[in-house]
Protein chains: 2
Amino acid sequence: MVQPYELFYWPSIQGRGEFVRLALEEAGADYVDVARRDGGVDLLMAALEVGDHPSFAPPFLKAGEQTIGQVANILLYLGEQHGLAPRTEPGRLWVHQLQLTIADLVTEAHDTHHPIASMLYYEDQKPEAKRRAADFVETRIPKFMGYFARLLANPEPRDYLLGERVSYADLSLFQVIEGLRYAFPNAMKKVEQEHPELTGLRDRVAARPKIAAYLASPRRIPFNQDGIFRRYPELDA
Amino acid sequence: MVQPYELFYWPSIQGRGEFVRLALEEAGADYVDVARRDGGVDLLMAALEVGDHPSFAPPFLKAGEQTIGQVANILLYLGEQHGLAPRTEPGRLWVHQLQLTIADLVTEAHDTHHPIASMLYYEDQKPEAKRRAADFVETRIPKFMGYFARLLANPEPRDYLLGERVSYADLSLFQVIEGLRYAFPNAMKKVEQEHPELTGLRDRVAARPKIAAYLASPRRIPFNQDGIFRRYPELDA
């Protein structure tokens, strides 16, 4: 039996695990968020070290006998299992390409507050963070968001990145927009004024019944200062 | 007709395109490295802007009617087409997971010399590069390389990451080892002394007839100071 899936991720942040959670929720899948149970973090740490296919880092997903790591890879799997990706090979590769581009943006968003080392505190790399964030706000957010906005607008306006049907990349783009709004509200206000397609996509995903129910539930961890998207006003100049 | 493939990537560096080139060479595929021909860079720039599936950045591969972007995604495709990945779904996902972990390492290697902004010169971010590279050498290279070495050693020594058969992830790991040797020779000497499995993997890939022929050919661009892996002695302390 493949379900219930077991998701292994840090229990107190959205982080990279949130891209998986959103797909599981939209799929209506039966899953356990292992580390959010009592003693779950120990299970997470232990699971990192064992098995034929150990992950370099969380999140990873146990699906029956299989353990699958790397967010985009987990979504590749879930997309096929739950109709969150096209069935044709070109379509499957295209949605995966979009997901990998989102993953690049997520890494860059993380590095705005940790440009030197993940293991150091933000306070130990503030001057560097300020320089990196300035470039992120000035050049990277507009470039990434402009790219996705063009996909939503051309050759004609569409509801989701691939057309009428939602895919896991839409859920992830929703999450990135939410995260950037939290971390860089000033920058995102400008970007969304220029690209209303992004606001439309965000609103459509948020209104999907299963996503709306999830966002209103205690399963959705609020954004906070330990995740990938953090609000340091000095970085959102 | 899918072949000849057309690879679109910067003509003067190995860069991210090299992971694709190595897979194409090992596969014995018929391909054109478009931008290395006269006027090819213009074709590359133009191709970024058109089509149903525009890429955010090079490299991307045209395979007949399909255009596929993102290195790991291109390798997912080529792996299936040319037997550079297992045929079973768990195997396909596992080798892809390894590739995505390599991609994370590649991004971190790039950011050692560009911790602030890709569009700035190294000379404009040297103090930050020095801090970031110090962490990369001290904690990140050992963590990533230790992970791959363990996979090559456990539960018993194996020739390639998945066992007896080479996969695209092996070719990419070879490339990362070569790149780290170029950029961080002191750090890599220590790492390989501790993890001879990595040297073994590197040597096995380099000795594969098609790879050996490629490496000896003018098609292999030498490492240089414009690529992802750059030799700045001050960063290899």
Side-chain angles (χ1 to χ4, degrees), chain A residues 49 52-57 60 63 65-74 76-77 80 89-94 96-105 107-108 111 115-120 124-125 127-136 138-140 143-144 147-148 150-151 154-155, chain B residues 49 52-57 60 63 65-74 76-77 80 89-94 96-105 107-108 111 115-120 124-125 127-136 138-140 143-144 147-148 150-151 154-155:
Chain A
E49 300 294 331
D52 289 344
H53 295 169
S55 286
F56 184 74
F60 51 95
E65 297 295 301
Q66 254 181 289
T67 302
I68 306 162
Q70 283 280 356
V71 169
N73 199 43
I74 299 169
L76 185 65
Y77 171 81
E80 283 192 50
E89 200 223 18
R92 278 198 305 124
L93 290 172
W94 173 235
H96 197 54
Q97 175 176 338
L98 296 176
Q99 188 65 41
L100 292 171
T101 303
I102 290 169
D104 288 343
L105 168 54
T107 296
E108 294 192 24
D111 284 7
I116 300 302
S118 290
M119 298 303 288
L120 290 179
D124 295 326
Q125 48 196 314
E128 295 92 342
K130 200 147 188 203
R131 280 195 81 191
R132 175 133 190 174
D135 180 74
F136 184 69
E138 206 171 304
T139 75
R140 303 302 287 171
K143 186 171 178 187
F144 276 104
Y147 172 75
F148 289 111
R150 279 193 300 281
L151 294 178
N154 297 309
Chain B
E49 300 295 330
D52 290 344
H53 296 169
S55 287
F56 184 74
F60 51 95
E65 296 295 302
Q66 255 181 289
T67 302
I68 306 162
Q70 283 280 356
V71 169
N73 198 44
I74 299 169
L76 186 66
Y77 171 82
E80 284 193 49
E89 200 222 18
R92 278 197 305 123
L93 290 172
W94 172 234
H96 195 53
Q97 176 175 338
L98 296 176
Q99 187 65 41
L100 291 171
T101 302
I102 291 170
D104 288 343
L105 168 54
T107 296
E108 293 192 24
D111 284 7
I116 299 301
S118 290
M119 297 304 288
L120 289 178
D124 294 327
Q125 47 196 314
E128 295 92 342
K130 200 148 189 202
R131 280 195 81 191
R132 175 133 191 174
D135 180 74
F136 185 68
E138 206 171 305
T139 75
R140 302 302 287 171
K143 186 171 178 187
F144 277 105
Y147 173 76
F148 289 112
R150 279 193 300 281
L151 294 178
N154 296 310

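Heavy-atom basis, side chains included; hydrogens, waters and symmetry copies ignored. Order of the sequence lines fixes the chain letters, A, B, ..., with proteins taken first and strands second; residue numbering starts at 1 for each chain.
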Handout entry: Sub-4.5 Å side-chain heavy-atom contact between B:K130 and A:I116
Key = no

Handout entry: Validation row: A:W94, B:Q66 side chains within 4.5 angstrom (heavy atoms)
Key = no

Fill in the blank from the handout: CZ (B:F56) and CG (A:L151) are apart, to the nearest 0.5 Å, by 10.5 Å

Handout entry: Part of B:F144 within contact of chain A (heavy atom distance under 4.5 Å)
Key = both

Fill in the blank from the handout: Of B:P54, B:A72, B:S118, the largest count of non-hydrogen pairs under 4.5 angstrom with chain A goes to B:P54

Completion exercise
When the 4.5 angstrom heavy-atom criterion is applied to A:I74 and chain B, the contacting part is neither

Completion exercise
Separation between CE (B:M119) and CG (A:D135), nearest 0.5 Å, reads 9.0 Å

Problem - chain A contact via B:T67 - which portion, at a heavy-atom distance below 4.5 Å - result: backbone

Exercise for the section: Taking the side chain as every heavy atom from C-beta outward, state whether A:L76 and B:L76 have any pair of such atoms under 4.5 Å apart. Expected result: yes

Practice task
Please tell me if the side chains of B:P115 and A:E128 come closer than 4.5 Å, counting only heavy atoms from C-beta onward.
Solution key: no

Practice task
Please lay out, stage by stage, how A:L100 and B:L100 fare under the test side chain to side chain contact (heavy atoms under 4.5 Å, CB included).
Solution key: CA-CA 9 Å; A:L100 292 171; B:L100 291 171; 3.4 Å; yes

Exercise for the section: Count the heavy atoms belonging to other residues, nucleotides or ligands that lie under 6.0 Å from CG of A:N154, then report whether that count exceeds 12. Expected result: yes

Completion exercise
Distance col, row A:T101:OG1 vs B:Q70:CD, nearest 0.5 angstrom, shows 4.0 Å

Problem - Main-chain N/O of A:H96 paired with B:N73 side-chain donor or acceptor, under 3.5 Å - result: no

Exercise for the section: Identify the heavy atoms of A:L120 and B:R131 that sit nearest to each other, and give their distance. Expected result: CD1-NH2, 3.5 Å

Problem - Minimum side-chain heavy-atom gap B:Q97-A:F60 below 4.5 Å - result: no

Problem - Trace of the side chain to side chain contact (heavy atoms under 4.5 Å, CB included) decision for A:Y77 with B:E89 - result: CA-CA 9 Å; A:Y77 171 81; B:E89 200 222 18; 3.6 Å; yes

Handout entry: Contacting region of A:P155 [heavy-atom separation from chain B under 4.5 Å]
Key = neither

Completion exercise
If one checks every heavy atom of A:R140 against chain B at 4.5 Å, the contacting part turns out to be side chain

Handout entry: Under 3.5 Å: donor-acceptor pair, side chain of B:R132, backbone of A:A117
Key = no

Problem - CG (A:D52) with more than 12 external heavy atoms under 6.0 Å - result: no

Handout entry: Part of A:D104 within contact of chain B (heavy atom distance under 4.5 Å)
Key = side chain

Exercise for the section: Check each atom of A:E80 against the heavy atoms of chain B and say whether the ones under 4.5 Å are side chain, backbone, both or neither. Expected result: side chain

